[in-house]
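The chains referred to below are lettered A, B, ... by the order of the sequence lines, with proteins before strands, and numbering in each begins at 1. Nothing here was measured: the structure is a model prediction, and the numbers come from that model. Values below: every heavy atom of this structure, side chains too, minus hydrogens, waters and symmetry copies.
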There are 2 protein chains.
Amino acid sequence: MANSKLYKGSLNTIILKLLDEGEKMYGYEITQKVKEITKGELKITEGALYPALHKLEAEGLLDVEVKKVDNRLRKYYKLTDQGVREKTNRLAELEEFIRNMEQLVNPKWSIN
Amino acid sequence: MANSKLYKGSLNTIILKLLDEGEKMYGYEITQKVKEITKGELKITEGALYPALHKLEAEGLLDVEVKKVDNRLRKYYKLTDQGVREKTNRLAELEEFIRNMEQLVNPKWSIN
DNA sequence: AAATATACATAATTTTCTTATGCATAAGAA
DNA sequence: TTCTTATGCATAAGAAAATTATGTATATTT
């Protein structure tokens with residue numbers, strides 16, 4: 001993953017969200033998509049990505065389908081029903097996290 | 001630190017920001033302040049906080065001043081000059097991180 | 001022909017946190 | 001008055017999640 005340590009812990013959420021968006025994707029495609037969306041600022045490393053995908057699959061959040069394209073293997077992942085539900089939770093947590101961080105960085109007073 | 005793994009990696013940035021805001025603070029005060037700002041959603045654990053403070057001090061980003069208040073010790077931390085500069089960097093990184101995450105979660109098309 | 005891109009994978013190590021302790025004083029509740 | 005909670009510090013063991021370093025293999029570009 002990229003330079004800043006801030007991304008630690010957000011990889012699973014990113015994966016679930018991308019798979020919800022674009023239907024099925026394969027690992028390498030995910031790395032490229034993230035690089036594109038963040039304009040090169042976030043580069044997911046393979047050492048982080050593939051174990052994460054395997055773990056999400058083992059947890060029942062992803063299904064895999066292997067295909068051979070141009071004589072090269074691709075493992076397409078998609079969300080299971082459980083994965084869709086979990087994705088919703090993770091996104092809610094992410095938005096709460098972002099709100100909290102923004103409040104810490106740039107506090108708006110509460111009424112009290 | 002709190003439940004969600006998303007906060008991993010953001011503790012140092014939080015500390016630097018709070019110390020920039022409120023001048024000097026001691027450890028316990030930081031935990032309470034964060035709890036207050038996030039309305040109890042983020043609870044910094046001592047096992048994470050104190051080592052982080054020691055590390056920031058060792059890196060030359062924080063200065064310490066020990067005081068005895070009500071017969072109890074307090075270690076007041078404040079930013080060094082280097083700490084102020086580093087804080088600026090970390091906050092910029094945080095804002096970039098938040099922008100990237102928002103872009104991943106809710107993409108706005110680029111013009112291309 | 002060599003370098004880069006595509007595509008997967010895993011092992012060793014590092015970073016960062018959680019959980020579990022430990023010590024000590026002050027304040028409030030039973 | 002005793003027990004619990006709050007205040008205030010600290011460290012050690014373990015888990016989680018990443019980085020870095022490899023490894024294999026094919027396709028494409030230089």
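Looking only at side-chain heavy atoms (C-beta outward), E23(B) and K78(B) stay at 4.5 Å or farther from each other.
Mapping R74(A) and A52(B) onto DNA chain C by nearest heavy atom places R74(A) at the nucleotide closer to the 5' end. Nearest-nucleotide assignment on DNA chain D puts the 5′-proximal partner with P51(B), out of P51(B) and L49(A).
At the phosphate of dA27(D), OP1 or OP2 sits under 4.0 Å from a side-chain N or O atom of N71(A). Taking 4.0 angstrom as the limit, H54(A) places none of its side-chain polar atoms (N or O) nearer than this to OP1 or OP2 of dC8(C). Between Y26(A) and dA7(C) there is a side-chain polar atom (N or O) within less than 4.0 angstrom of OP1 or OP2.
Ranking dT26(D), dG8(D), dA18(D) by closeness to the R72(A) side chain, first place goes to dT26(D). In the set dA17(D), dT19(D), dT26(D), the nucleotide with an atom closest to the side chain of K55(A) is dA17(D). The side chain of K8(A) lies closest to dT16(C), out of dC17(C), dT16(C), dA10(D). Listed nucleotides dG8(D), dA16(D), dT10(C) differ in distance to K5(B); the shortest reach to its side chain belongs to dA16(D). Proximity note for K75(B) (side chain, C-beta onward) versus dA10(D), dA7(C), dC17(C): the nearest is dA10(D). When each of dA10(D), dA9(C), dT16(C) is scored by its nearest atom to the side-chain atoms of Y50(B), the top-ranked nucleotide is dA10(D). Considering only side-chain atoms of E46(A), the nucleotide from dA7(C), dA18(D), dA10(D) that sits closest is dA7(C).
No donor-acceptor pair closer than 3.5 Å links the side chain of T31(B) to the backbone N or O of I44(B). Listed for the S10(A) side chain is no donor-acceptor partner under 3.5 Å among the backbone atoms of L6(A).
Judged purely by distance below 3.5 Å, without hydrogens or angles, the side chains of Y76(A) and D63(A) never pair a donor atom with an acceptor atom.
Rounded to an integer number of Å, the gap from CG of L11(B) to C1' of dT16(C) is 9 Å. Between the CD atom of Q32(A) and the P atom of dA7(C) there is a distance of 9 Å, given to the nearest Å. Remark: P of dA18(D) and OH of Y7(B) are 17 Å apart, rounded to the nearest angstrom. Rounding to whole angstrom units, NZ of residue K33(A) and P of dA7(C) are separated by 15 Å. Rounded to an integer number of Å, the gap from CZ of R90(A) to C1' of dA17(D) is 13 Å. The interatomic distance linking E36(A) (CD) with dA5(C) (P) rounds to 16 Å, in whole Å. Nucleotide dC8(C) holds its C1' atom 9 Å from the OH atom of Y77(A), rounded to whole Å. Across the protein-nucleic acid pair, L6(A) atom CG and dA17(D) atom P stand 17 Å apart, rounded to whole Å.
Here the rule is side chain to side chain contact (heavy atoms under 4.5 Å, CB included) with V105(A), and of L91(B), I37(B), I14(B), T13(B) only L91(B) fits it.
Within the 4.0 angstrom heavy-atom criterion, base atoms lie near G47(A).
Ion pair E59(B)/K55(B) flagged as a salt bridge, since at least one NZ, NE, NH1 or NH2 atom sits closer than 4.0 Å to an Asp/Glu carboxylate oxygen. Under a 4.0 Å N-O distance rule, the pair E95(A)/R99(A) does not qualify as a salt bridge.
Centroid-to-centroid, the aromatic rings of Y26(A) and Y77(A) stay 6.0 Å apart or farther.
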*Under 3.5 Å for both distances, Watson-Crick or G-U wobble, that's the pair rule; now give the dot-bracket for DNA chain C, with | marking pairs to another strand and [ ] for crossing ones.*
||||||||||||||||||||||||||||||
